[in-house]
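Take a look at the structure set out below.
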Amino acid sequence: HKLISSFASIFELETKKAELLNLPRLAELSVNNLLASIEQSRTVSLAHFLVSLSIPQVGEETAEDLASHFRNIKNISEASLEDLEKINNIGSIVAKSVYVWFRDQNNQKVVSDLLEQVKIAQVTTSKIAQKLSGQTFVLTGTLEKLSRDEAKKKIKNLGGEVTSSVSRNTSYVVAGDPSADGRSSKLEKAQELGVKILSEEEFLEILGK
């Protein structure tokens with residue numbers, strides 16, 4: 001029914017309640033719930049804001065890495081290709097995708113229009129979030145008590161980094177169930193480089209200290 005035409009216009013629906021009530025299957029309760037949900041979305045984290053833009057190659061993890069490093073949307077939009085490539089877990093393909101996306105005039109307008117409607121919450125790092133600061137983890141195998149995503153989230157919430165491959169910069173390799181593909185090669189690499197290997201129990205101890 002052409003009531004929205006862009007991301008930003010979603011937030012203008014509060015001025016079109018009468019038109020919404022005329023739509024099929026939208027009674028007043030449904031419309032009120034819709035508008036309330038939109039209103040609650042006016043404050044968003046920087047990482048979620050980035051994900052919402054549908055930038056090619058940028059999923060939740062990459063968005064969190066960008067948000068943690070640059071702290072605000074202005075810094076991200078103005079970052080050079082070299083600045084983007086320096087970030088942990090972001091390779092040249094992802095860096096170029098972000099760099100090119102923010103230099104497109106249409107995309108710049110999308111961001112500008114959205115920022116007139118929403119507020120991006122300030123990226124803060126509490127003292128507890130420094131507990132794993134400077135430490136890099138590689139997860140391999142299947143964990144019993146945590147999903148892979150939950151483990152990654154806990155590490156990042158405590159200031160740590162998660163990478164997919166073992167290197168001299170890796171602090172710990174967390175070894176789960178050996179049935180997962182690639183586990184043995186990562187453990188061999190860790191042993192070769194002298195990287196400490198943690199069992200799931202030892203990993204949970206570190207998180208809980």
Side-chain angles (χ1 to χ4, degrees), residues 40-41 43-73 75-76 83-95 97-98 120-209:
Q40 289 174 1
S41 300
T43 300
V44 64
S45 71
L46 178 54
H48 284 171
F49 184 85
L50 290 170
V51 171
S52 77
L53 297 176
S54 298
I55 302 169
Q57 309 292 333
V58 177
E60 290 185 10
E61 288 188 23
T62 299
E64 287 175 6
D65 289 335
L66 289 167
S68 176
H69 183 87
F70 288 108
R71 318 293 287 181
N72 62 61
I73 192 67
N75 289 342
I76 296 172
D83 289 337
L84 291 163
E85 288 177 338
K86 289 177 184 175
I87 303 173
N88 241 2
N89 301 328
I90 293 183
S92 58
I93 293 175
V94 177
S97 178
V98 174
I120 298 177
Q122 184 177 356
V123 178
T124 58
T125 306
S126 64
K127 289 183 180 178
I128 193 170
Q130 296 300 314
K131 183 160 72 169
L132 298 182
S133 179
Q135 298 184 44
T136 302
F137 291 75
V138 172
L139 305 175
T140 183
T142 303
L143 302 176
E144 291 183 6
K145 297 182 179 178
L146 292 173
S147 70
R148 182 71 65 93
D149 286 342
E150 286 171 336
K152 287 180 179 178
K153 187 174 182 180
K154 286 182 180 292
I155 291 168
K156 290 185 176 183
N157 284 345
L158 295 173
E161 295 284 341
V162 181
T163 61
S164 58
S165 58
V166 181
S167 72
R168 295 188 185 279
N169 296 323
T170 303
S171 307
Y172 301 103
V173 171
V174 181
D177 189 305
S179 61
D181 292 341
R183 180 183 188 272
S184 59
S185 62
K186 289 180 180 179
L187 293 183
E188 287 172 6
K189 186 71 173 177
Q191 290 167 343
E192 178 187 327
L193 296 175
V195 174
K196 185 172 178 59
I197 299 171
L198 300 175
S199 66
E200 181 172 356
E201 289 72 24
E202 291 171 323
F203 171 59
L204 292 174
E205 259 187 60
I206 288 178
L207 294 182
K209 280 180 181 176

Please evaluate residues V58 and V98 with respect to the criterion side chain to side chain contact (heavy atoms under 4.5 Å, CB included), reporting the C-alpha separation (whole Å), side-chain torsions for both, the decisive distance (0.1 Å), and the verdict. CA-CA 8 Å; V58 177; V98 174; 3.6 Å; yes

List for me each residue that meets salt bridge (charged side-chain N to carboxylate O under 4.0 Å, His left out) alongside K154, sequence neighbours excluded, and say none if there are none. none

Would you say E60 has more than 12 foreign heavy atoms packed within less than 6.0 Å of its CD? no

More than 12 foreign heavy atoms under 6.0 Å from NE2 of H48: is that the case here? no

Where L193 and S167 come nearest, the two heavy atoms and their spacing: CD1-C, 3.5 Å

Residue pair V195, V138: steps toward the side chain to side chain contact (heavy atoms under 4.5 Å, CB included) verdict: CA-CA 10 Å; V195 174; V138 172; over 6 Å; no

When every non-hydrogen atom of L50 is compared with those of L66, the smallest separation belongs to CD1-CB, 3.9 Å

Within this structure, what is the NZ-CG distance for the pair K189 and L187, rounded to the nearest 0.5 Å? 13.0 Å

Backbone of I93 reached by a side-chain donor or acceptor of Q57 within 3.5 Å: no

Whether K186 side chain and S164 backbone form a donor-acceptor pair below 3.5 Å: yes

So NZ of K145 and CD of E150: to nearest 0.5 Å the spacing works out to 13.5 Å

Any idea which heavy atoms bring R148 and G141 closest together, and the distance? NH2-O, 2.8 Å

Between Q135 (side chain) and Y172 (backbone), is there a donor-acceptor pair under 3.5 Å? no

Between E61 and K152 the two heavy atoms that sit nearest each other are OE2-NZ, 3.0 Å

Please confirm whether the backbone N or O of F49 pairs with a side-chain atom of S52, one donor and one acceptor, at under 3.5 Å? yes

Are L146 and L204 close enough, and set up right, to give a side chain to side chain contact (heavy atoms under 4.5 Å, CB included), and what steps lead you there? CA-CA 9 Å; L146 292 173; L204 292 174; 3.7 Å; yes

Backbone N/O of D65 and side chain of S68: donor-acceptor pair under 3.5 Å: no

Can you tell if the side chain of V173 reaches within under 4.5 Å of the side chain of T140, non-hydrogen atoms only? yes

Closest heavy-atom pair, G134 versus S171, reported as atoms and distance to 0.1 Å, is O-OG, 4.1 Å

Please find the pair of heavy atoms, one from A47 and one from A67, that lie closest to each other, and give the distance. N-CB, 4.0 Å

What I'd like to find out is whether the side chain of L132 reaches to under 4.5 Å of the side chain of L207, using heavy atoms alone. yes

Applying side chain to side chain contact (heavy atoms under 4.5 Å, CB included) to L139 and I155, what does each step give before you reach the verdict? CA-CA 11 Å; L139 305 175; I155 291 168; 4.2 Å; yes

